[in-house]
2 protein chains.
Amino acid sequence: MSDRENGQTTQPRATMQDVARAAGVSLKSVSRVINAEPHVSQKLLDKVQAAIHELRYVPDTAARSLAGQRHFMLGVLLDNPSPHYTMRLVAGAYEACRQHRYTLQFDNIYAAEGPGHQAERIEQILHSSRLDGMILTPPTSDVPELLDSLERKGLPYVRIAPGQDTERSARVTVDDRDAVRQVADYFWERGHRRFGLVRGLWSHPSSRIRRDAFVERLRSHSPDVSIIEADGDYTFEGGLRAGEELLSARRPATAVFASNDDGAAGVMTAAMRLGLKVPHDVSVIGFDDSWVAKSVWPSLTTVRQPLEEMGHAAAQMLISRALGGHHGTFANRHFEHRFIERGTVRTIA
Amino acid sequence: MSDRENGQTTQPRATMQDVARAAGVSLKSVSRVINAEPHVSQKLLDKVQAAIHELRYVPDTAARSLAGQRHFMLGVLLDNPSPHYTMRLVAGAYEACRQHRYTLQFDNIYAAEGPGHQAERIEQILHSSRLDGMILTPPTSDVPELLDSLERKGLPYVRIAPGQDTERSARVTVDDRDAVRQVADYFWERGHRRFGLVRGLWSHPSSRIRRDAFVERLRSHSPDVSIIEADGDYTFEGGLRAGEELLSARRPATAVFASNDDGAAGVMTAAMRLGLKVPHDVSVIGFDDSWVAKSVWPSLTTVRQPLEEMGHAAAQMLISRALGGHHGTFANRHFEHRFIERGTVRTIA
DNA sequence: TTGTAGGCGTTATCAC
DNA sequence: GTGATAACGCCTACAA
């Protein structure tokens with residue numbers, strides 16, 4: 001292993017003492033400057049900042065954490081993550097942390113192991129790590145036991161794209177409903193009248209939301225519009241099965257909305273296997289603009305959420321709160337999705 | 001935001017003091033037990049462990065970090081990650097950390113911002129965080145400036161799947177060369193004689209390794225075998241372009257090896273656009289067994305690496321070292337890939 | 001085998 | 001406005 005003992009000894013990091021000495025002020029004054037406390041004269045400020053810069057001083061997180069209430073560390077909670085979705089969220093959160101010299105701690109919880117395990121794991125995490133806040137990524141945003149634990153512990157948290165019980169806490173949201181309405185209208189305006197819907201994992205709230213919005217919107221255009229629904233589970237295989245069902249019906253759909261991109265890719269494959277061409281014979285729209293959207297041909301028309309920004313916002317909310325932000329009221333940052341037109345929808349003459 | 005002030009105050013965590021008092025021993029004795037130091041009588045051990053259990057005592061990481069040499073925190077360095085690959089690695093590393101009550105810190109570096117930025121960022125990270133070790137995931141495993149910084153700082157690190165200068169440090173490896181030979185043989189044994197190769201991102205060492213192994217192995221079967229090469233860049237689009245080039249040649253390949261799955265998906269799409277059926281008209285093999293491998297039809301024959309285990313091993317190496325492991329010699333954990341037969345290769349009569 | 005004293009680098013309290 | 005001084009929770013000496 002690369003060895004710490006090799007080579008010349010790294011010179012030790014400067015401490016607050018060093019800075020205080022160099023600037024000719026007291027420890028507490030340096031502390032004040034670092035924490036941007038009020039009541040510091042300009043002159044003192046300058047001296048201290050010069051010394052800090054000179055010595056390349058960086059406060060020691062461990063010491064701060066031990067002595068104070070803040071820990072300069074945020075956690076992200078992931079569950080068996082859809083890698084693309086999650087990584088974009090995390091990348092955004094990481095940037096926010098970096099800007100404020102926070103550390104981002106990675107935490108993984110496997111829903112697959114059952115709810116008991118999840119509760120147990122979060123308790124362990126909360127009991128053994130010192131965090132200033134926790135970011136819950138879907139689908140952890142919608143696990144009540146998790147929220148209970150967090151609140152019992154008194155740890156601030158932000159939920160990303162929660163599907164239910166939204167008002168309960170701080171959150172970062174997108175309007176799935178509105179996005180799906182846009183999808184429905186897009187199909188409708190291009191002349192489609194027979195629709196297929198691939199539902200997501202039914203246990204997940206987002207799944208119902210997307211389904212309901214799609215159906216309601218189309219009904220608002222014409223109450224007895226034809227909509228065939230099939231169960232997907234947010235996977236390619238699920239989409240494949242659902243697609244075969246939808247497209248081999250007696251009067252098959254000409255336009256299929258899948259609740260996410262993986263499902264849409266499955267539908268496209270189903271079409272191909274049935275000898276149907278996309279978009280000539282059947283149009284498809286997905287959701288997420290994930291990796292696969294550009295890994296199919298034609299590339300997939302879909303809806304993109306600003307995940308990096310959402311992750312960034314979540315971390316930012318937690319950090320400003322730790323910096324002494326607004327208490328008592330639940331923040332809510334809302335983001336706009338973007339409809340991405342690509343090649344999988346055809347206009348019917 | 002979910003409010004810390006709400007609800008009853010959480011009772012403070014037990015400290016070593018509390019444990020010592022409860023067990024009727026000194027502070028140091030508790031410390032000894034926690035750190036599994038020698039010279040503790042069974043009786044004392046029992047008493048202390050009982051008290052620890054009773055009080056649900058967990059040592060405070062910040063305090064330990066401040067007072068001692070260990071920080072119970074590992075970092076993973078990612079670069080603009082291929083989400084699927086990276087997340088599997090990270091999930092493995094996380095598990096190892098969890099088992100030993102270590103924390104996993106997330107760090108992201110963007111090669112896209114240029115090598116200068118990378119060096120600067122790692123310096124910042126190293127200067128401001130207290131880590132026991134760092135895990136380098138590809139492609140960061142092969143950035144010499146990063147290794148230099150790490151060594152200058154004296155921070156132990158493990159490289160995952162390094163492509164060059166392998167002996168320089170501790171590492172977790174797979175035998176790409178061997179895997180690719182297996183791919184070549186698999187094609188060969190099924191009667192293929194005209195080959196296509198989609199190269200990866202040429203700046204990345206793995207790319208050359210895979211290319212050379214493929215070509216050499218086929219030449220060993222027959223020195224003047226036909227191999228058409230085309231540049232991909234590890235992306236779907238790159239594979240698409242390369243595929244069109246390979247498959248529209250005068251005597252097109254019947255078997256194409258793409259240096260990763262995304263590229264292979266591109267090749268499959270290229271085939272489809274040219275009216276070629278996979279695997280009937282052209283066989284394809286990818287590399288990685290990433291998400292897309294199962295999101296195409298037929299699903300992709302490919303090579304799978306045990307990424308979770310590799311991540312686990314990397315973290316484990318760092319942790320045992322921090323626990324006082326072997327110094328001075330570079331560890332090397334090797335893992336076996338697995339060839340995954342699926343539906344994209346046909347046997348030629 | 002066990003215990004005591006001192007210090008790690010910062011924040012909090014309370015004087016000046 | 002500024003500065004002593006005491007925590008914070010643990011580990012490292014060293015002593016018993």
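Naming: A, B, ... by sequence-line order, numbering from 1 per chain.
The base of C:dG3 lies close enough to the side chain of B:R32 for a donor and an acceptor atom to sit less than 3.5 Å apart.
Of all nucleotides listed (C:dT10, C:dT1, D:dC11), C:dT1 comes nearest to the side chain of B:S41. Among the nucleotides D:dG3, D:dC10, C:dT10, the one closest to any side-chain atom of A:P59 is C:dT10. Of all nucleotides listed (C:dT2, C:dT10, D:dG3), C:dT2 comes nearest to the side chain of B:S29. Side chain of B:S26, nearest nucleotide from C:dG9, C:dG3, C:dG7: C:dG3.
Sequence order on DNA chain D of the closest nucleotides to B:L66 and A:L27 puts A:L27 first from the 5' end. Both B:V40 and B:G68 lie close to DNA chain C; mapped to their nearest nucleotides by heavy-atom distance, the more 5′-ward contact belongs to B:V40.
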task = Check step by step if salt bridge (Lys or Arg N to Asp or Glu O under 4.0 Å) holds for B:D60 and A:R130.
result = CA-CA 8 Å; B:D60 183 315; A:R130 288 179 173 282; 2.4 Å; yes
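The shortest distance between the side-chain N/O atoms of A:Q69 and the OP1/OP2 oxygens of C:dA12 is below 4.0 Å. Taking 4.0 angstrom as the limit, A:T15 places none of its side-chain polar atoms (N or O) nearer than this to OP1 or OP2 of C:dG9. Put simply, A:S31 has no side-chain N or O that comes within less than 4.0 Å of OP1 or OP2 on C:dT10.
A:F72 comes within contact range of no nucleotide atom at all, as no heavy-atom separation falls under 4.0 Å. A:I34 comes within 4.0 angstrom of nothing in the nucleic acid, heavy atoms only.
A side-chain contact (heavy atoms from CB on, under 4.5 Å) with B:K47 is found for exactly one of B:I52, B:V30, B:V25, namely B:V25.
One can place CD of A:Q17 at 9 Å from P of C:dG9, the figure rounded to the nearest angstrom. Across the protein-nucleic acid pair, B:M16 atom CE and C:dG3 atom C1' stand 12 Å apart, rounded to whole Å. Distance A:K43 NZ to D:dG3 P: 10 Å, rounded to the nearest Å. Atom NZ in B:K28 sits about 6 Å away from atom C1' in D:dC11, given to the nearest Å. Atom-to-atom, CD of B:E37 to C1' of D:dC14 comes out at 14 Å; the value is rounded to the nearest Å. If you measure from atom CZ of A:R130 to atom P of D:dC8, you get 11 Å, rounded to the nearest angstrom. One can place CG of B:D46 at 15 Å from C1' of C:dT1, the figure rounded to the nearest angstrom. To the nearest angstrom, C1' of D:dC11 lies 12 Å from NE2 of B:H71.
The local environment of CD in B:E54 is sparse, with at most 12 non-hydrogen atoms from other residues, nucleotides or ligands closer than 6.0 Å.
Taking a cutoff of 4.0 Å between a charged side-chain nitrogen and a carboxylate oxygen, B:D18 and B:R21 qualify as a salt bridge.
Heavy atoms only, all atoms of each residue included: A:E151 and A:Y157 are closest at OE2-OH, 2.6 Å.
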